[in-house]
Structures are given as structure tokens and as C-alpha cells.
Novice: 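The structure's right below; bear with me while I get my questions together.
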2 protein chains.
Amino acid sequence: MQLTPTMHRCVLHWGEMASRWGVSRSVAQIHALLFLAPSPLTADEIAETLNVARSNVSVSIKELQAWDLVSVTHQLGDRRDYFQARKDIWEVLTMIMDGRKKREIDPTLQMLREATADAGKDHETPEQVKQRIADMLEFVEELSGWYDQIRTMPRPTLLKLMRMGTKVAKIVT
Amino acid sequence: MQLTPTMHRCVLHWGEMASRWGVSRSVAQIHALLFLAPSPLTADEIAETLNVARSNVSVSIKELQAWDLVSVTHQLGDRRDYFQARKDIWEVLTMIMDGRKKREIDPTLQMLREATADAGKDHETPEQVKQRIADMLEFVEELSGWYDQIRTMPRPTLLKLMRMGTKVAKIVT
DNA sequence: CCGTAATTTCTGTCTTTTCTGAAATTTAAA
DNA sequence: TTTAAATTTCAGAAAAGACAGAAATTACGG
């Protein structure tokens, strides 16, 4: 697939942002390409467009599928896999946040719970430190619970709330 | 400073999470240590406790200061710098989010605005693709604006809203 | 069941990032 | 000043991560 200068720029920027968020450049570039692409692409097309090895595309696509951001389609009379990305940007963000919560926040919560439990039968750790860990646990649990809640809300509701901005505050006065 | 097993565990976990978010392990470990530490520490104490080079501590601390997460204090009759981290976990999150917005979201917004502008006098990029970029821009602008708004709200208000969970929805029926 | 297209796995190389240790600089007390 | 402590800078080593290309596997048409 031939990239126009505008697309080229988006793909490159997305790739540059990647490392700042702990994502490999290839994964991000492929995601950007598939997000923009008007129609599904084969792995070979992706490799050629972005000038990366075919095998790299294979691994990166697997990663994107694990995040539920990319899916496979097929064309009649063609054995090749055609890949497409979610186009709904809101859904994209949701998938990324769900994934990060599952992979990073939940294990951290786990660790904090264990640390807090251990702190009971731990006489060397200063009380102040234990308190700090307990605060952290409470905070992450609160945020996590909040996310789970708003996660269930229908998008139009969420949008309305967002657009109200600080005006939502009036209901808690 | 001698780490208790509980503290040791927290520091290690924080360090492991770091790379997933594009942060170096040293920076994260130092931050965890200073967050937990009951009192400010010198660079040498940090280096010794975490078994990292003194110079590494210097650079990492600079990074943490740039994020406004760590500050310097002094003790009477002691020339050395004593470092301490923000203890208020809510503030810590706020600082991180502010920093990420400034460093990553704002430049992305910039790029999207330019891409959208260019798209006007660009006859090769398919309409569909332009639309996708425009959608993206609108979405990021919306989120960004929302963040700026809630950023101004007093913390107790925010806390109350969070604890209401999905119940806030009733005001937009 | 065979041959070929498509995909994936794997190993080594290359790149990037992180980190160290020495040297240089700054700071402040003597 | 001089001296010594503290900090920072910097060049290169080490580690981690990303990537390419070959080999292996799988899937499919004939």
C-alpha cells in the first residue's frame, strides 16, 4: 500500500510515541497503518509499506491481536490473512485501557495486597512505611473500582458527562 | 538505608513495571525508595541501598525533579542534598498525568492538527483516511479538554464523584 | 498425499537504551 | 585562595530489546 505524505507522517509519529509508552515501534506503526488503511491489508503489504521484515509483522500482529485491536478477515479465493484494525477510536482506547489494567494495574494491586498482608507479621518495617503502602493500596483500589464502574456505562452517557466538564460537580454540593 | 523485605519487594515491583510504561528501572526504583522512605535520603544512601552507580542516581533524580516528583532539602551543617518524594499519592498521579499530557498528548494533538490542516490541500489521501485522522483529532481534543476541566476541580469533589460511580449518570438522564 | 503458498518460530545480529566509572566541575568550608 | 566534599558530565561498557532472515511448520489446493 502506498502511503501519502499525510499518512506517512501519522505512522511515523505514532511509532515515535510508542517507546514512551513501552510499546515497540513496529507494533505501533503497524497499528497506525491498519487504523488508517481504507481496507484490510495482508502481512506482505504491511511489511512492504513499512519496510520491516515479514516475520516482524507476524509477531507484531499477534501482539495487536492479544490487545484485541486487530482482527483477521479473508477474501474469497485468497488464502492470505487480511488484517484490519478497530476503527472506532473510543473502542481503541477502551481496549488499551482494559489491557493495561489487566496486565499492569491488577498485578500491582496483587502485590500491594500481599505487601499489606505481610506488613502485619513484619516488625522491622516502620509504621510510617506500612501506612504508605496501605495508602497506595487504597488509592489504586479506589481508582480501579471506579474504572470498572464507568466501564459499564453506555458511551452516550459517558460522553454527556464528559461534555458537562466541571458542571457535574453541582450534583455533589 | 536498610530495606526491609516488604520495602524491597515494593521497590522491585515498581522497577519492573517501569519498562512497561517507558520509564527506566533506576528512575522507578529511586522513586519507589524515596516514596517509601520515612526521611529524606542523600544520593549516596540511595546508590548504596539500590546498588546502582552514584552517577546514575544523579541523572535519575534530575529526571524525577523534572516531573516534579522529588525535591531537595538540607540539614543544618551538612552540604549534601537530601532528596524526598511527594508522599501524597493523589498528587503523584496528578504530576505524572500532567507530565504525560505535556510531553506526549500535546505534541500528538499538534501533529494531528497539522495533519488535518494539510489534508485540505492534499488530493492523494483518500477521504476515508482524512476522516479517520479528523476523528482522532476530535477525540483527543475532547479528552484533553475534559482533563483540563477536572484538573481544576477540588479533590474532595472529585473523590465524591468517583465514589458515586455509575450513580453520576442519573443527572444526565 | 504431494507440492506450494502462507504463516510462524527461532536464532543470531543489530540497535537502542541504560548504566557505570572516571574525569571534570561546582560548591563551600577552612 | 586552597582544599576537600559533593555533584554532574561524559564516554564507553553492558544489558535489554527489536528486528531480519532462515528454517520449520501449518494450511490448503490439486
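Quick note on labels: first sequence line is chain A, next is B, and so on, each numbered from 1.
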Novice: For A:Asn56 and C:dC14, give me the distance from atom CG to atom P, rounded to whole Å.
Specialist: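 From A:Asn56 CG to C:dC14 P: 16 Å.
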
Novice: A:Arg54: which residues meet the side chain to side chain donor-acceptor pair (under 3.5 Å) condition with it, sequence neighbours left out?
Specialist: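 By the side chain to side chain donor-acceptor pair (under 3.5 Å) rule, A:Arg54 matches no residue at all.
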
Novice: Between B:Lys101 and B:Asp148, is the closest basic N to carboxylate O distance under 4.0 Å?
Specialist: yes

Novice: Between atom NZ in B:Lys62 and atom C1' in C:dC19, what is the gap in whole Å?
Specialist: 17 Å

Novice: Test side chain to side chain donor-acceptor pair (under 3.5 Å) on A:Trp67 and A:Glu63 and set out the steps.
Specialist: CA-CA 7 Å; A:Trp67 285 80; A:Glu63 176 81 8; 3.2 Å; yes

Novice: For the side chain of B:Ser55, starting at C-beta, report the closest nucleotide among D:dA20, C:dA22, C:dT8.
Specialist: C:dA22

Novice: Could you work out which one of D:dA20, D:dA6, D:dT9 sits closest to the side chain of A:Ala53?
Specialist: D:dA20

Novice: Can B:Glu114 and B:Gln110 be counted as having a side-chain donor-acceptor contact under 3.5 angstrom?
Specialist: yes

Novice: So if I take residues 13-49 of chain A and measure heavy-atom distances to DNA chain D, which residues fall below 4.0 Å?
Specialist: A:Ser24, A:Arg25, A:Ser26

Novice: Just the rounded figure in Å: distance from P of D:dT9 to CD of B:Glu63.
Specialist: 13 Å

Novice: Can you tell me how far P of D:dA23 sits from CZ of A:Arg54, to the nearest Å?
Specialist: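 Those two atoms, CZ and P, are 17 Å apart.
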
Novice: Report yes if the side chains of A:Met164 and B:Gln149 come closer than 4.5 Å at any heavy-atom pair, otherwise no.
Specialist: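 A:Met164 vs B:Gln149: side chains apart.
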
Novice: For the residue pair A:Met1 and A:Pro38, establish whether any side-chain heavy-atom pair is separated by less than 4.5 Å.
Specialist: yes

Novice: Roughly, in whole Å, what's the span from NE2 in B:His74 to P in C:dT27?
Specialist: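 Rounded to whole Å, this separation is 11 Å.
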
Novice: How close or far is atom C1' of C:dT8 from atom CG of A:Asp81, stated in whole angstroms?
Specialist: 11 Å

Novice: Evaluate the side-chain proximity of B:Asn56 to B:Leu50: yes if any heavy-atom separation is below 4.5 Å, no if none is.
Specialist: no

Novice: Please report, rounded to the nearest Å, how far the C1' atom of C:dA29 is from the CG atom of B:Leu76.
Specialist: 15 Å

Novice: Are the side chains of B:Glu142 and A:Leu159 in touch, meaning some heavy atoms are under 4.5 Å apart?
Specialist: yes

Novice: Do B:Ile150 and A:Thr166 have side-chain heavy atoms sitting under 4.5 Å apart?
Specialist: no

Novice: N/O contacts under 3.5 Å, protein versus nucleotides 24-30 of chain D?
Specialist:
from	atom 1	to	atom 2	distance (Å)
D:dA27	N3	A:Arg79	NH2	3.3

